[in-house]
Structures are given as C-alpha cells and as structure tokens.
4 protein chains.
Amino acid sequence: MTLAEHATPAPRPGRRADAERNRAAIIEAAGAVFAECGGGVDVREIARRSGVGMGTLYRHFPTKDELLATVLERQFNAWLTDAYQRAVATEDPWQALAGFFEQLLGTQAGNRAVVESYASTGGPSASCIQRCYALIDQLRTRCVDAGVLRPGVTTEDLFLLSGSLSQAVLTTAESHPGQWRRLLRISLDGLSSRNAEPLPVRGMGADTPASTD
Amino acid sequence: MTLAEHATPAPRPGRRADAERNRAAIIEAAGAVFAECGGGVDVREIARRSGVGMGTLYRHFPTKDELLATVLERQFNAWLTDAYQRAVATEDPWQALAGFFEQLLGTQAGNRAVVESYASTGGPSASCIQRCYALIDQLRTRCVDAGVLRPGVTTEDLFLLSGSLSQAVLTTAESHPGQWRRLLRISLDGLSSRNAEPLPVRGMGADTPASTD
Amino acid sequence: MTLAEHATPAPRPGRRADAERNRAAIIEAAGAVFAECGGGVDVREIARRSGVGMGTLYRHFPTKDELLATVLERQFNAWLTDAYQRAVATEDPWQALAGFFEQLLGTQAGNRAVVESYASTGGPSASCIQRCYALIDQLRTRCVDAGVLRPGVTTEDLFLLSGSLSQAVLTTAESHPGQWRRLLRISLDGLSSRNAEPLPVRGMGADTPASTD
Amino acid sequence: MTLAEHATPAPRPGRRADAERNRAAIIEAAGAVFAECGGGVDVREIARRSGVGMGTLYRHFPTKDELLATVLERQFNAWLTDAYQRAVATEDPWQALAGFFEQLLGTQAGNRAVVESYASTGGPSASCIQRCYALIDQLRTRCVDAGVLRPGVTTEDLFLLSGSLSQAVLTTAESHPGQWRRLLRISLDGLSSRNAEPLPVRGMGADTPASTD
DNA sequence: GATGAATGAGCTTTCATTCAT
DNA sequence: TATGAATGAAAGCTCATTCAT
C-alpha cells in the first residue's frame with residue numbers, strides 16, 4: 001500500500017476523462033462549500049460551484065451523505081499522509097510521535113469547518129480510521145522500542161487523544177489560536193515513560209446513562 | 001452568587017403559575033428529547049412531550065435555538081454544580097481537581113446526546129462558561145497553593161482540557177466506554193508539578209487557515 | 001353499518017371547523033385534479049387549487065399515495081352506495097344485479113380519469129373491496145335463492161367481472177360510448193341459470209409466463 | 001398482407017448488421033421490462049438489459065413513447081399471429097373462436113403495459129387494432145356461418161371483450177391465477193347462439209361525464 | 001394565554017433526453 | 001456509430017415559524 005494511493009486514488013481505467021474531471025470538480029467544490037457552510041448546505045450550491053448539473057452530481061455520489069463522507073475522507077487522508085510522511089522522516093521516535101500530532105492538529109486548525117463536519121457524519125469512515133490506527137501504531141512501536149513511551153499506552157489511547165485534541169483545536173481556533181499546543185504538550189508529558197503508574201483498565205467504571213434532573 | 005440561582009432561576013414575579021409550569025414542562029421535555037434525538041429533532045416532538053401547543057412553546061422561546069441553548073445551559077449548570085459540590089468536599093486539592101473532572105465527564109458520558117448538541121450551538125453560553133471558569137479557578141488555586149500543579153497551567157488550560165476530554169467521552173461511549181478515563185489520567189499526570197518544563201506560549205505558532213489540496 | 005357513513009364520514013368531534021373545511025377542499029380539489037390530469041400530477045397543483053399550503057396538505061394526508069387512495073376510495077364508495085341503493089330497491093333479484101352493474105359502470109363512464117387512476121394505486125383499498133364484495137354477495141345470494149344465477153358462480157367471479165368491464169368502459173368511452181353495455185349484457189346472459197355447464201376450476205391451467213419471441 | 005411482415009419486418013437494406021442486432025436486443029429487453037413494470041419504468045433499465053447505451057437506444061427510438069409503441073405493436077402482432085394460426089387450424093368454428101381468446105389471453109397474461117395500452121388508446125396502435133379486427137372478423141364470420149354465434153354480435157364486441165378480459169388476467173395474475181378463464185367461459189356462453197335476445201344498440205344511453213359529489 | 005392548524009421555502013432525489021467522446 | 005456521462009426541470013416531502021381560533 002503506497003501512500004500516494006490514498007492521496008490520489010488511481011483513476012479507474014475505463015473512465016472518461018471528463019467524468020473524472022467532473023468528479024474532481026465536485027469533490028473540490030463540495031470541500032469548499034462544506035467548509036464554508038457546514039454539512040447542512042443545499043446540494044444545489046455544490047452543483048452550481050462544481051459547474052455540473054444535479055444529475056451529474058448524483059451519478060457520482062448517490063447520496064448527499066455519501067458525498068460528504070467522500071470529501072471528508074479524502075481530506076482526512078491527505079492530512080494523515082502529510083503528517084505521517086514528516087513523522088517517518090524524523091529520526092527521534094518521540095519527536096516523530098509529537099510531530100505527528102503537532103502537524104495533524106495544526107492542519108486541522110486551518111480547516112476548522114471541515115473538522116466540524118465530522119460531527120454530522122459520525123467521523124471519518126472505518127477505512128480511514130483503520131489507516132490512522134496503522135500509522136499511529138508504527139509511531140507508537142518505535143517509541144516503545146526506544147523505551148520512551150509510558151508502559152501500557154495503546155494505539156487506541158493515542159488515537160483517542162488525537163480526536164480529543166481536535167476538539168480543543170476547534171474550540172480555541174477563534175479566541176485563543178494555538179492554545180491547543182499547550183494541551184498537546186501536557187498530554188505528551190503524561191505519555192512519557194517518566195510516568196510509570198498503570199492506566200485505568202478500560203471497562204472499569206464504565207459509563208452508565210443517567211438523568212440529570 | 002449562590003448555586004441555587006443556577007439550578008432553579010427565581011420565578012419572575014407577576015407571572016401566572018401555569019405559565020411557569022408550562023415553561024418548566026417545556027424545558028424538561030426538551031432536555032429529554034434533545035438527549036434522545038440530538039439537536040435536529042422536530043420542535044413538534046418537544047411540544048408533544050411537553051403537553052403544550054406550538055404557540056405556547058414559541059411564546060416562551062422565540063426560537064428553537066434559544067430553547068436549545070436554555071436547555072443545554074441548565075443541564076450543564078446542574079452537572080457543574082454537582083461536580084463542584086463534591087470537589088469542595090474533598091480535602092486533598094489534587095484529588096479535588098481530579099475528582100471534578102472525573103465526575104463532570106462521567107455525567108456527560110451518561111448524557112451523550114446532550115453533549116453532542118453543544119456542537120450545533122457553539123457550546124454553552126458565555127455565562128455558563130464564566131461560571132465554569134470560576135469553579136475551575138478555585139480548584140486550580142488550591143492546587144497551586146499546595147504546589148501540586150505544574151507551573152504555568154492556567155484556568156483556561158484546564159477548561160480547554162475538560163472540553164477536549166468531553167469529545168473523548170463522546171467518541172468512546174459506544175465502543176469503548178470508560179476509555180476516556182485513561183486519557184484523563186494521562187492528562188492529569190501531565191499536569192502534575194512533576195513536569196516542570198514550561199508550556200508553549202499561546203500565540204506562538206498560531207494557526208493559519210490553509211487549503212489542503 | 002349505515003351507508004351514509006361511507007358517503008360522508010362523521011367529522012371527528014375535536015376537530016376545528018377550518019381544518020375540516022380544508023380537508024374537504026383538499027379532497028375535492030384532488031378529485032378534480034386527478035380526474036383531469038391523472039395520478040401523476042404535481043402535489044403542488046392540488047395544494048394550489050385547494051387554496052392550502054403544502055404543509056396543510058401533508059398534515060391531512062401524509063403521503064401523496066394516501067391522498068390518492070382516500071380520494072379514490074371516497075369516490076368509489078359513493079358510486080358503490082348509489083348503485084347498491086338502487087339495486088336493493090329493485091324487486092326482481094336478477095334486475096337488481098343487472099342494474100347494479102349497469103349503474104356502477106355507467107357512473108364510471110362519466111368519470112374515466114378517476115377510474116384510470118386506479119391503475120397507479122393498485123385499485124381501491126382493501127376495505128373498499130371488502131365492501132364491494134359484501135354488496136355483491138347480497139345481490140348474488142338473492143339471485144341464487146331465486147334460482148336465476150348460474151350454479152357455481154362466486155362473488156369473486158362477479159367482482160372480477162365488474163373490474164373487467166370497467167376496462168371496457170374505459171376503452172370505449174371515447175370512440176364508442178355505451179358499447180360496454182353490450183358486453184355487460186353478454187356477460188349477464190352467460191351468468192344466467194340457463195347456462196348449466198360447470199365453470200373451470202380456478203387454478204386449472206394456471207397461467208405461466210411465456211416469452212413471445 | 002402477409003403475417004411474416006408483422007412478425008419480423010424486413011430489415012431495411014444498407015443497415016449494418018450490428019445495428020439490427022441492437023435494435024432487436026432493445027425491443028426484446030423493452031418488451032420484458034414493460035411487461036413487468038408497466039410503461040413507467042426508467043429507460044435506463046431497458047438500456048441496461050439490452051446491453052446497449054442510452055445513445056443507441058435513442059438512435060433507434062427517438063422517444064420513450066415510440067419505443068413503447070413499437071414494442072407493444074410487435075408483441076401484440078406476434079401473439080395475434082400465433083393465436084390466429086392455431087385458430088385456423090381448428091375445424092370447429094366455435095372452438096376456433098374460443099381457442100383464439102384462450103390463447104391470446106394466456107399468452108399476454110399479466111403484461112402490464114399491454115393492459116395499460118388498452119385503457120388509454122383501445123389497443124397498442126391503430127394498425128395493430130385493424131389487424132386484430134380482421135382476424136377476429138374471420139373467426140366471427142365462420143361462427144356466424146355455422147350459426148353458433150349469437151345474432152348481432154359484432155367484431156367490435158369481440159375485440160372489446162378481449163381487452164376487457166385482459167384486465168381480468170392482470171388483476172388476478174398474482175392472487176388467483178387462471179380465474180379469468182371462468183370469466184371467459186361465462187362470456188363465451190353469453191355469446192353463443194343459445195342467447196337470442198338482441199343486444200343494446202350502441203349509443204343508446206351513451207355515457208355522459210358527470211360529477212359525483 | 002393557550003392551542004395546533006397553516007404556511008411555503010427549501011431539501012434531497014429521479015429520469016427523459018441530449019451531447020461530448 | 002455506439003457509448004454513457006451530463007443535464008436540469010420537476011417531484012415528493014419536511015419543518016421552523018406564524019396566526020386564526
């Protein structure tokens with residue numbers, strides 16, 4: 001699996017060139033529109049900006065949701081690829097991990113509206129998540145091998161952390177841009193092997209729905 | 001400012017009793033409905049469950065958004081009050097802070113859909129946030145005085161952390177309930193005075209919007 | 001069960017007067033529009049002619065199909081009632097049966113477009129059919145008792161005949177109006193007890209799809 | 001006019017062979033699809049089943065309606081031919097007539113598009129109807145000559161009967177397959193010379209549009 | 001004041017037909 | 001000439017909000 005495949009999926013061979021161009025135009029326009037107006041926009045607006053008719057749009061994406069999902073997945077995959085590429089180029093395992101988070105979140109900070117849209121769709125697709133897992137796992141393994149990561153920290157923990165900090169990015173982007181970096185630093189310090197206490201076992205004190213009135 | 005004022009706002013005088021009852025019924029029903037179905041529900045559903053007509057609902061809340069905001073604020077305030085009350089009853093300052101987060105997030109875990117709705121409305125209202133700040137600040141000050149908190153950690157950091165972990169609660173509620181506690185533990189460890197490195201200055205490397213294609 | 005109930009369903013008590021008026025307006029307009037343009041018309045056209053908004057229309061009839069069904073059912077029930085009333089007033093059992101068909105089909109001849117719409121909806125509703133069955137069955141029984149009906153003829157046969165002749169009404173309405181009466185006469189003669197040969201058993205020689213090329 | 005001309009129109013000279021093959025494929029697929037789904041199907045479905053593209057389909061048939069008409073005409077003509085051939089091979093005139101109906105109806109059992117066409121235009125196409133008239137007329141004449149047909153029965157009556165029974169075939173195809181044969185038998189009995197009463201004159205009691213509210 | 005029926009712009013989606021490749 | 005992508009005008013339906021009763 002090459003990274004390029006994710007960034008720019010190979011055009012299916014039997015495809016006409018203009019169809020491919022339209023598909024790209026739709027995705028691009030949708031990305032822009034979703035970013036500006038959120039996932040609630042009228043599909044017409046996307047069609048208008050793409051320069052294609054409604055029918056064309058629906059030929060490529062049978063549902064608005066599917067379009068949204070595709071766009072978000074592509075964006076996220078691109079960010080992921082960028083962040084990962086820089087991470088593998090970093091020698092120090094800890095710096096690689098930290099830089100990965102730093103860059104991924106930094107990119108998201110510049111694309112708030114896109115990240116916000118993830119809420120409506122239940123987040124990136126399963127395949128997208130899997131890929132993210134895989135990338136994080138590699139970085140984690142390097143840290144474990146180097147003995148710099150707190151024992152017991154799982155890939156799931158790190159993945160969850162990235163999602164959690166995404167929220168911080170979103171929250172602070174307008175009023176306190178960059179403040180999320182402080183949180184990232186705090187979390188990373190908590191992840192360093194300097195902290196040896198075992199983490200809570202998942203499932204302990206599992207959450208139970210409760211009324212609040 | 002007493003806590004009671006937040007939990008149950010003083011009934012405006014001169015108001016008919018049944019109007020007050022209706023208002024309460026609406027808020028309660030809306031809370032339940034928003035919790036179940038998210039912020040996208042049909043207003044009719046709320047009216048139905050409240051037992052009031054649409055007109056009455058709109059007399060009390062001129063907009064759906066305003067209703068949503070009111071409900072969310074009330075809920076959040078209630079959670080806040082609960083968590084704070086337990087925290088002040090805890091002697092050890094660090095345990096007080098940790099317990100505050102633990103309980104606040106634990107409550108949110110049981111009310112996922114409510115928390116989700118915050119996304120649509122831009123979070124709790126300003127007054128709500130201010131109160132949260134105030135409460136956290138008290139807990140933080142105690143920790144600072146006891147010398148257990150990492151130097152340089154601000155109330156804003158802690159507030160941001162709570163919002164960030166809220167996201168983790170949401171994400172994991174279904175598949176990995178309770179995993180957020182591991183993240184909380186990691187963050188708290190990163191917040192302990194054992195970590196002395198200075199945090200990044202806010203504004204450094206501030207975020208800049210960027211296209212990703 | 002009184003016949004009046006079918007012709008004009010008792011207005012539900014708690015209903016506002018104007019709602020009832022609107023509902024009636026919708027049904028009337030829909031009847032006219034369906035008759036003119038067939039079942040494929042835009043719902044907006046019905047709303048426009050009713051003088052109500054789309055929302056009102058959909059409040060009363062949650063689906064276009066349901067509106068169509070309601071309208072058709074009302075019409076058919078009215079026709080049925082008329083035809084049956086005249087039939088029971090006829091002393092001679094055979095004349096009653098014949099007159100029933102005659103009048104039912106005659107009415108349909110004057111409302112072709114309505115009848116045509118039955119095709120799109122799969123015919124009148126189940127309750128409507130049941131009622132038709134019941135009415136036909138009474139007339140059939142009288143004929144059987146009087147010994148004027150061919151032995152073995154079932155209510156289903158007669159019901160099917162009426163649908164079949166409906167088609168003839170439709171076919172000839174424009175070019176040869178009234179010709180269906182000849183077919184009716186022929187069928188009735190075939191139904192008289194003068195014909196004693198047993199009818200084919202249903203299921204014998206059941207249809208098998210066959211290609212024709 | 002030979003029968004072969006109807007069954008397989010002479011290929012226009014100068015036409016490429018694959019064009020002819022495509023045309024045939026389209027007609028065959030369209031026949032099946034229209035029969036199954038009625039005239040309302042998506043043209044794409046026909047193109048898909050034909051194995052040709054939309055452009056090809058529209059090159060051969062400039063309009064969906066024209067395609068429908070062509071298909072119906074061909075099918076109907078084929079059935080007609082079959083039924084007639086068997087009828088002429090039957091010695092007994094009455095059996096010939098009865099067998100003609102039996103086979104015609106049995107073959108087109110449940111073809112929705114055909115039945116629809118009866119309702120709207122009285123049959124597939126004018127030329128088709130004419131041919132059908134001619135065939136029926138021959139059978140009728142034989143019966144008249146043999147004195148087995150009720151006096152006064154016209155070719156139009158018989159044609160109308162076939163369309164009428166088509167409806168019965170469609171109606172019962174799913175729930176009571178084969179029941180139409182009972183109706184056919186009844187009708188045929190009504191057509192036998194045993195019934196001497198004159199049939200109503202066409203135009204007597206001609207239909208007049210009337211409102212029913 | 002309370003009620004819930006009415007409103008109508010706006011949403012997603014379909015499909016007969018055209019046209020670039 | 002064959003292909004199937006593109007078109008875009010409807011169509012069915014929803015829902016925040018208003019207003020007559």
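Throughout, protein chains are lettered first and strands after them, A, B, ... in sequence-line order, and every chain is numbered starting at 1. What you see is a predicted model; the values in this text were computed from it and never measured.
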**Prompt:** At their closest point, which heavy atom of C:Val71 faces which heavy atom of C:Gly31, and how far apart are they?
**Reply:** CG1-CA, 3.7 Å
**Complete:** When rounded to whole Å, the CG to P distance for the pair C:Leu67 and F:dC13 reads 10 Å
**Prompt:** Considering only heavy atoms from C-beta outward, does the side chain of A:Phe76 approach that of A:Val115 to under 4.5 Å?
**Reply:** no
**Request:** Please list, chain by chain and in numerical order, all residues satisfying salt bridge (charged side-chain N to carboxylate O under 4.0 Å, His left out) with C:Arg49, sequence neighbours excluded.
**Result:** C:Glu36, C:Glu45
**Distance in angstrom units between D:Arg44 CZ and F:dA6 P, rounded** = 12 Å
**Item:** Distance in angstrom units between C:Ile46 CD1 and F:dG12 C1', rounded
**Value:** 11 Å
**Asked** What's the closest nucleotide to the C:His60 side chain, out of E:dA6, F:dC13, E:dA16?
**Response** E:dA6
**Request:** Answer yes or no: is there a donor N or O on one side and an acceptor on the other, between the side chain of B:Thr56 and the main chain of B:Val52, under 3.5 Å?
**Result:** no
**Complete:** Hits for side chain to side chain contact (heavy atoms under 4.5 Å, CB included) against C:Arg44, two or more places apart or cross-chain, chain-then-number order -> C:Asp42, C:Arg48, C:Met54
**Request:** Return the value, rounded to whole Å, for the distance between atom CD of B:Glu66 and atom P of F:dA16.
**Result:** 15 Å
**Where D:Leu72 and D:Ser117 come nearest, the two heavy atoms and their spacing** = CD1-CB, 3.7 Å
**Asked** Which atom pair, heavy atoms only, marks the closest approach of D:Gly110 to D:Ala173?
**Response** CA-CB, 4.4 Å
**Request:** Please work out which residues in residues 48-58 of chain A have a non-hydrogen atom less than 4.0 Å from an atom of DNA chain E and list them by number.
**Result:** A:Met54, A:Gly55, A:Tyr58
**Item:** Bracket notation of DNA chain E in which parentheses pair within the strand, [ ] cross earlier pairs, and | pairs with another strand (Watson-Crick or G-U, under 3.5 Å)
**Value:** .||||||||||||||||||||
**Asked** Looking across every strand, which nucleic acid part, if any, lies under 4.0 Å from A:Asp42 by heavy atom: base, sugar-phosphate, or nothing?
**Response** base
**Asked** Given atom CZ of D:Arg59 and atom C1' of E:dC19, what is their separation to the nearest angstrom?
**Response** 12 Å
I'd like a table of donor-acceptor pairs (distance under 3.5 Å, sequence neighbours excluded) in which one partner is a side-chain atom from residues 61-68 of chain D, with atom names and distances.
unit_1  : atom_1 : unit_2  : atom_2 : d
D:Lys64 : NZ     : D:Gly39 : O      : 3.2
D:Lys64 : NZ     : D:Val41 : O      : 2.8

**Prompt:** Separation of B:Phe61 atom CZ from F:dA16 atom P, in whole Å?
**Reply:** 16 Å
**Request:** Check the distance between F:dT1's C1' and D:Glu20's CD and give it to me in whole angstrom.
**Result:** 14 Å
**Prompt:** For A:Asp18 and F:dT7, what is the distance between atoms CG and C1' respectively, to the nearest whole Å?
**Reply:** 13 Å
**Asked** Taking only residues two or more places apart in sequence or in another chain, which ones pass salt bridge (charged side-chain N to carboxylate O under 4.0 Å, His left out) with A:Glu174?
**Response** A:Arg112
**Message:** Here's a test of your reading of the structure: between B:Asn22 and C:Asn22, which maps to the more 5' nucleotide of DNA chain E?
**Reply:** B:Asn22
